[in-house]
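Below you'll find the structure, written out as structure tokens, and then a few comments.
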Amino acid sequence: MISTMELQRAWRGPVLFSYGFRPFFLGGPILAALLVPLWVPWYLGLITIPSALPPVAWHAHELLFGYVPAIVAGFLLTAVPNWTGRLPVVGWPLVGLFGLWLTGRIAVACSVLLDPLSLAVLSLLFPVALAGVVAREIIAGGNWRNLKVLGGIVVLTLAQALFHYEIWRHGHAVSGDRLAIGVTIMLIMIVGGRIVPSFTTNWLKRANPGRQPEPFGRFDVVAMAVGGAALVAWAASPLHAGLAAPAGLLLLAAGTLQAVRLLRWAGDRTLAEPLVTVLHVAFAFVPLGYFLTGYAMLADSGAARSAGAHAWTAGAIGLMTLAVMTRASRGHSGRALTAPPSTILIYVAAFLAAVLRMVASFAPEHAMVLLAAAGGAWTLAFLGFAVSYGPMLARPRAGA
């Protein structure tokens, strides 16, 4: 039977398409680096982009339905073969998947040339294809425990379809963006709940013996169930005003449970290795987002609502995906699992971007300066990843 290594060596095309994480971990951050420099001057009327979406809607769409699915694809196309024991998607099938992702980005950017239905279809081709590939691998491998991850892809796809419908029907998103944020945070709680304590345990056993992360148990199940219910209530609250108070209380309860969950993972013992510590810092934005959003629901605070949304998007999503991409890229390309100064700078920039964006929500009198600083830090983080990690993603594994 052919092995993964033999399959990769049989591919004679660009190294970039020899494993799933390579094209998507490069394309996704390049897109993320472009989001702020494009949408801010577009929003201010300084430039124009031939997109039918309003600037803010384009910004949200490309983060939630362009960047996030790319990183999810890179992670799953690399992890699923390990889960199922089946061969990875490489070569022309991988080229095809990446081409569908690019098609969606071009379609959204040039959507003045398309009717709303054509735009929705073209932008949904990639997530539908990705869901099909992941479903095939999980079912063929009998890996039923990971069907919940497939469910996350399906819900994210439905959220994108809802987003397009709401833009066509109302001119702005109502619940589609909230549903997308919610399912992405749920995926972070599921996948992060595996990799954060696992990677922490591996490092502590090797470098700092002593107290270890608590193993996954009933508490984690309850914490994720409450977290999921809170996210559903939050996503549905724009359609049902009576949900505001119950959703707010659920969000606060979920934030408390996720904070306790994080404390059980012994992150305070990992400070000597930023490649591990950053996972804990990134996950901390999950309960912070719950707390801020719960308060916003109960107090009807627009500032807290914005800060909570950006704790989840710029913080949890932005920093956690960078943490996963740097670690996976280093490991799968044969580099040492330690963070060099350039990688630490990427983490610091992403962290500052999230914090500054949240502070801007509470300080409108300084918003222009804070937003500019947050945008610059965000761009630095993702452009820094593309520059630092792009070469290792596009070249053969070290020592191969």
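Note that the numbering runs from 1 along the sequence shown for the chain.
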Review point. Ignoring hydrogens and geometry, is there a side-chain-to-backbone donor-acceptor pair from Asp115 to Ser118 under 3.5 Å?
Key: yes
**Study point:** Sidechain N-carboxylate O distance under 4.0 Å for Arg194, Asp220
**Key:** no
Check your understanding: With the 4.5 Å side-chain cut-off for hydrophobic clustering, are Val221 and Leu147 part of the same group?
Key -> yes
Point to revise | Nearest atoms (heavy-atom pairs only) where Gly152 meets Val183 | key: O-CG2, 3.5 Å
Check your understanding: Taking Gln160 for the side chain and Ser123 for the main chain, is one N or O donor matched with an acceptor at less than 3.5 Å?
Key -> yes
Review point. Other than Leu239, what residues sit in its cluster of Ile, Leu, Val, Met, Phe, Trp and Tyr side chains whose heavy atoms are under 4.5 Å apart, directly or through others?
Key: Val174
Practice item. Verify the distance criterion only: is there a donor paired with an acceptor across the side chains of Arg397 and Ser18 at less than 3.5 Å? Key: no
Check your understanding: Going hydrophobic residue to hydrophobic residue with side-chain gaps under 4.5 angstrom, can you get from Val80 over to Ile190?
Key -> yes
Check your understanding: Given the rule in the side-chain contact (heavy atoms from CB on, under 4.5 Å) test, do Leu124 and Phe65 qualify, once you have shown the distances and angles that lead to the verdict?
Key -> CA-CA 9 Å; Leu124 286 166; Phe65 306 119; over 6 Å; no
Review point. Are the side chain of Ser51 and the backbone of Val108 linked by a donor-acceptor contact shorter than 3.5 Å?
Key: yes
Point to revise | Main-chain N/O of Gly376 paired to Thr379 side chain as donor or acceptor, under 3.5 Å | key: no
Revision key, fill the gap. Scanning both residues in full, the closest heavy-atom pair of Leu130 with Leu97 reads N-CD2, 4.2 Å
Exercise for review: Kindly say whether Trp101 contributes a backbone atom to a donor-acceptor pair with the side chain of Arg105 at under 3.5 angstrom?
Suggested key: yes
**Study point:** Residue pair Trp144, Ile139: steps toward the side-chain contact (heavy atoms from CB on, under 4.5 Å) verdict
**Key:** CA-CA 7 Å; Trp144 309 114; Ile139 293 171; 4.0 Å; yes
Exercise for review: Tell me whether the centres of the aromatic rings in Phe126 and Phe24 are closer together than 6.0 Å.
Suggested key: yes
Check your understanding: Does any N or O in the side chain of Arg269 come within less than 3.5 Å of the main-chain N or O of Gly267, such that one atom is a donor and the other an acceptor?
Key -> no
Practice item. Give the C-alpha distance, both sets of side-chain angles, the deciding distance and a yes or no for side-chain contact (heavy atoms from CB on, under 4.5 Å) between Val56 and His61. Key: CA-CA 9 Å; Val56 175; His61 184 281; over 6 Å; no
Check your understanding: Backbone N or O of Ala374 within a donor-acceptor pair of the Arg357 side chain at under 3.5 Å?
Key -> no
Exercise for review: If the plane angle is over 60° it's perpendicular, under 30° parallel, otherwise tilted; pick one for Phe385 and Tyr389.
Suggested key: parallel
Study note, to complete from the structure: Heavy-atom nearest pair, Ala129 first then Leu100, reads CB-CD1, 3.7 Å
Exercise for review: Dump the intermediate steps for side-chain hydrogen bond (donor to acceptor under 3.5 Å, both in side chains) on Ser237 and Arg178, then the final yes or no.
Suggested key: CA-CA 10 Å; Ser237 61; Arg178 291 192 178 199; 2.9 Å; yes
Review point. Just checking, is any N or O donor in the side chain of Thr270 or Thr200 under 3.5 Å from an acceptor N or O on the other one?
Key: no
**Study point:** Single-linkage hydrophobic cluster Ile106~Leu53, side-chain heavy atoms < 4.5 angstrom
**Key:** no
Review point. CD1/Ile195 to CG/Asn202 distance, rounded to the nearest 0.5 angstrom?
Key: 11.5 Å
Practice item. Kindly determine whether Val276 and Arg327 satisfy side-chain contact (heavy atoms from CB on, under 4.5 Å), including the steps that lead there. Key: CA-CA 9 Å; Val276 180; Arg327 184 184 183 92; 4.2 Å; yes
**Study point:** Where at least one partner belongs to residues 290-316, residue pairs that pass salt bridge (charged side-chain N to carboxylate O under 4.0 Å, His left out), sequence neighbours excluded
**Key:** Asp300-Arg305
Study note, to complete from the structure: With sequence neighbours left out, the residues meeting side chain to side chain donor-acceptor pair (under 3.5 Å) with Tyr347 are Thr326
Check your understanding: For the side chain of Glu273 and the backbone of Ala339, is there at least one donor-acceptor N/O pair under 3.5 Å apart?
Key -> yes
Check your understanding: Should the pair His332 and Tyr19 be assigned to parallel (<30°), tilted (30 to 60°) or perpendicular (>60°) ring geometry?
Key -> tilted
Study note, to complete from the structure: In terms of heavy-atom contacts, Thr84 and Glu137 come closest through CG2-O, 3.5 Å
Exercise for review: Applying side chain to side chain donor-acceptor pair (under 3.5 Å), name anything that partners Arg169, two or more places apart in sequence or on another chain.
Suggested key: none
**Study point:** Any pair counted as ring-ring contact (aromatic ring centres under 6.0 Å, His included), so long as it reaches residues 74-95, sequence neighbours left out
**Key:** Trp11-Trp92
Exercise for review: Identify the heavy atoms of Arg22 and Pro396 that sit nearest to each other, and give their distance.
Suggested key: NH2-C, 4.3 Å
**Study point:** Residue among Ile71, Leu34, Leu383 satisfying side-chain contact (heavy atoms from CB on, under 4.5 Å) with Pro29
**Key:** Ile71
Exercise for review: Identify whether Met189 and Phe199 are in the same connected component of the hydrophobic contact network (ILVMFWY, side-chain heavy atoms under 4.5 Å).
Suggested key: yes
Point to revise | Flag, side chain of Glu62 to backbone of Leu35, donor-acceptor distance under 3.5 Å | key: no
Practice item. For Tyr67 and Thr321, run side-chain hydrogen bond (donor to acceptor under 3.5 Å, both in side chains): C-alpha distance rounded to whole Å, both residues' side-chain angles, the deciding distance at 0.1 Å, then the answer. Key: CA-CA 10 Å; Tyr67 173 73; Thr321 53; 2.6 Å; yes
**Study point:** Exam field: side chain His310 to backbone Ser306, donor-acceptor pair closer than 3.5 Å
**Key:** yes
Check your understanding: So which heavy atom on Ser333 is nearest to which on Met392, and how close?
Key -> OG-SD, 3.5 Å
Practice item. Please list all pairs passing the ring-ring contact (aromatic ring centres under 6.0 Å, His included) test where one or both residues lie in residues 166-193, with sequence neighbours left out. Key: Tyr165-Trp168
Exercise for review: Can you establish whether the number of heavy atoms outside Phe219 located under 6.0 Å from its atom CZ is more than 12?
Suggested key: yes
